[in-house]
There are 2 protein chains.
Amino acid sequence: MTENDQQAQPPATITAAINRLDEIIGTLPKRMDQCATFTRRNLHLVAVSTVSDMAKAAGVAPSVYMRFCQVFGFGGYSDMQALFREQYTSFRPDYEERLATLRSDQDHSSGQLLADFAEAGQKSLISLGNSVANDGLIKVAEGLSQARIVHLIGARRAFAVVSNMAYLLENLDVPTHLHTHVGHLSNHHLVSPEDAMLAVTFAPFSQTTINDARIAAERGATVFGLTDSEKCPLFEFATETLVVREHEVAGFRSLNASLTLTTALSVLTAEKRKAT
Amino acid sequence: MTENDQQAQPPATITAAINRLDEIIGTLPKRMDQCATFTRRNLHLVAVSTVSDMAKAAGVAPSVYMRFCQVFGFGGYSDMQALFREQYTSFRPDYEERLATLRSDQDHSSGQLLADFAEAGQKSLISLGNSVANDGLIKVAEGLSQARIVHLIGARRAFAVVSNMAYLLENLDVPTHLHTHVGHLSNHHLVSPEDAMLAVTFAPFSQTTINDARIAAERGATVFGLTDSEKCPLFEFATETLVVREHEVAGFRSLNASLTLTTALSVLTAEKRKAT
DNA sequence: CCAAAAATGGAACAAAAATTCCATATGGGA
DNA sequence: TCCCATATGGAATTTTTGTTCCATTTTTGG
């Protein structure tokens, strides 16, 4: 009634909550401010934590955190948590409706598609863990780490894989050359016997990639391969070829396993390189 | 003792849990199978739901869902939930520690590193289920499908994402231009008001990407964004900006969620385009 | 430096959730 | 068809969590 009542209505959205937090931080008593600051920095924890968890993490008593929720405008912790949990569930069709979807299995229009791709990605990552790639992975990392320059080549679907690896290796201070064929320059002369190449190609295999890899091998470089099939021509001349199995949705293969593998490979390579 | 005891030890990782789910689906009694199937498709809900929520959503009694958790190998729902909540909290406390581990530890040179990255990928894909608002995805797909040309731009880490999307869209017969700055040509004149652009940039944001996107917006094109932070400058002028949360291992963020999202987005865009 | 007001932390209490139990239903072999 | 093993759903129980209360401490203004 006076004028400075603690905000009566609670924030209706996460954005509003963040704004309000930024407003009140600094204006609160010590312990309450700890609550506000901690919460501001760990918004993602609210949805999955209990009051005691939050209070303990913020370094205050549960009752203080409780009161903080009220000053914040909520009825209590449960109300505040509800807001943060909402985002995980609200935009989705109702539970019952989802169940129907789950049965009919025909709906491809909305989030089902995204969920399907996510599922395919998950399966790819499981296969990756189960596959025997580990031995080979070490060998390839070893080989790449000893190279003067690491040459990366991959076309079409494989290009995202090699370009990501080029980015990682550059950040890890490993001399890298990403072959792109810009201006139809093939850069074969760049490859020397002290170098190593990683060629990535998935079925149906890119003739250009195979050719370039073969030429690199002929020039004396160590060639490694990454593919999704035992029939890959790289097996004919590559020192070591890794095979990843990607799952697919309606003909669209994911890249999750390949990217995860090459990320690990990049880090391993950089580590081995520093170790020598 | 006989031979077919229900698995005694619970899955220790998300990957193991998904794997085990895929194994047992189909082998369980009707209601239990509903639990398994629903959970498999809604992994992201476990962390923020109660048993009753999950049971109701799966269309079974809470006690059945409870028993499902036990057959699954967990002591109860709480245990299972703990595994899924871990991902929200685990990376908080000792990020430093993990980095140190990465440097010192030798035995991760085996498959541990790969397993860690795979695990991070799984978590990213689960988060994808709740971090991206479904209607945002639809809006972007809608916008891209109506464009004369789809312009894609992304630098550094984001480049793999846009180059993959360019590959997909091309195969789906959607006119696409991937901006690459080869020869320092910026191609601004290519962008017309009938076009749409998808700009991808992750923190710390690429100034070039932001600039090009802003210029495209000024030229009248519809600009959409994909990023990993609410602070992304794209929010200032983009029509719609999607946010994905990627998990990381020792500072290396995965790209799984982003790639999965853009794959779904590509397919959706192509579908909508054909529908008109 | 003192008194009043505000803030704090712990313990008590209430609400909600997880978990178990048991009576009933269901399905598969004799 | 009947019986037995197994599955199921709802209600009872236990545990955990949210919330409030109050004595003690700290801060603020005179």
Side-chain angles (χ1 to χ4, degrees), chain A residues 1-7 10 24-39 45-86 88-89 95-96 99, chain B residues 1-8 10 24-39 45-86 88-89:
Chain A
M1 176 62 74
T2 53
E3 37 53 276
N4 197 5
D5 280 328
Q6 58 201 39
Q7 187 109 344
I24 61 176
I25 284 176
T27 72
L28 297 160
K30 191 171 146 221
R31 296 290 166 178
M32 303 271 264
D33 211 77
Q34 281 179 38
C35 295
T37 308
F38 178 82
T39 306
L45 289 182
V46 178
V48 294
S49 306
T50 66
V51 238
S52 329
D53 289 344
M54 291 300 286
K56 202 165 101 187
V60 303
S63 50
V64 174
Y65 199 91
M66 203 63 225
R67 198 150 343 100
F68 158 71
C69 294
Q70 288 161 353
V71 168
F72 202 138
F74 294 101
Y77 182 73
S78 303
D79 287 1
M80 176 165 133
Q81 192 177 49
L83 174 64
F84 283 88
R85 284 189 171 172
E86 209 180 307
Y88 295 87
T89 49
Y95 279 158
E96 332 286 325
L99 186 65
Chain B
M1 179 58 79
T2 54
E3 35 54 280
N4 197 5
D5 281 327
Q6 59 203 34
Q7 187 109 345
I24 61 176
I25 284 176
T27 74
L28 298 161
K30 192 171 144 218
R31 296 270 120 127
M32 302 271 264
D33 210 76
Q34 280 180 40
C35 296
T37 308
F38 179 82
T39 305
L45 290 180
V46 177
V48 293
S49 307
T50 65
V51 236
S52 329
D53 289 343
M54 291 300 285
K56 200 166 103 189
V60 304
S63 50
V64 173
Y65 199 91
M66 203 62 223
R67 200 152 339 103
F68 159 69
C69 294
Q70 289 163 353
V71 168
F72 202 141
F74 294 101
Y77 183 73
S78 303
D79 286 0
M80 175 166 134
Q81 192 177 50
L83 175 64
F84 283 87
R85 282 189 172 174
E86 216 178 289
Y88 292 90
T89 48

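Just so it is clear: chains get the letters A, B, ... in the order the sequence lines come, proteins before strands, and each one is counted from 1. Here the structure is a predicted model, which means the values were calculated and not measured.
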Spacing of A:K30 atom NZ relative to D:dT26 atom C1', expressed in whole Å: 9 Å
Whole-Å gap separating C1' (C:dA16) and CG (A:D79): 14 Å
Gap between atoms CE and P, on A:M66 and C:dA15 respectively (whole Å): 13 Å
For atom OH of A:Y77 and atom P of C:dA17, their distance in whole Å: 14 Å
For B:R85, the option from A:L45, A:V48, A:D53 that meets side chain to side chain contact (heavy atoms under 4.5 Å, CB included): A:V48
Spacing of B:Y65 atom OH relative to C:dA17 atom C1', expressed in whole Å: 15 Å
Spacing between B:D53 atom CG and C:dT19 atom P, to the nearest angstrom: 14 Å
Residue whose closest nucleotide on DNA chain C lies nearer the 5' end, B:R67 versus B:Q81: B:Q81
B:Q70 CD to C:dA18 P, straight-line distance once rounded to whole Å: 13 Å
Nearest-angstrom distance from the residue atom CE of B:M80 to P of C:dA17: 17 Å
Nearest to side-chain heavy atoms of B:V60, which nucleotide of C:dT19, D:dG9, D:dA7: D:dG9
Aromatic plane relationship, A:F68 with A:F72 - under 30° parallel, 30 to 60° tilted, over 60° perpendicular: perpendicular
Candidate nucleotides D:dG9, C:dG9, C:dA18, ranked by approach to the side chain of B:V64 - the nearest: D:dG9
Shortest side-chain distance from A:S63, nucleotide among D:dT8, D:dG18, D:dT20: D:dT20
Residues A:V64, A:Q34; criterion side chain to side chain contact (heavy atoms under 4.5 Å, CB included); working and verdict: CA-CA 10 Å; A:V64 174; A:Q34 281 179 38; over 6 Å; no
Shortest non-hydrogen separation from B:A36 to B:I25 and the atoms involved: CB-CG1, 3.6 Å
Sugar-phosphate, base or nothing in reach of B:T50, heavy atoms under 4.0 Å: sugar-phosphate
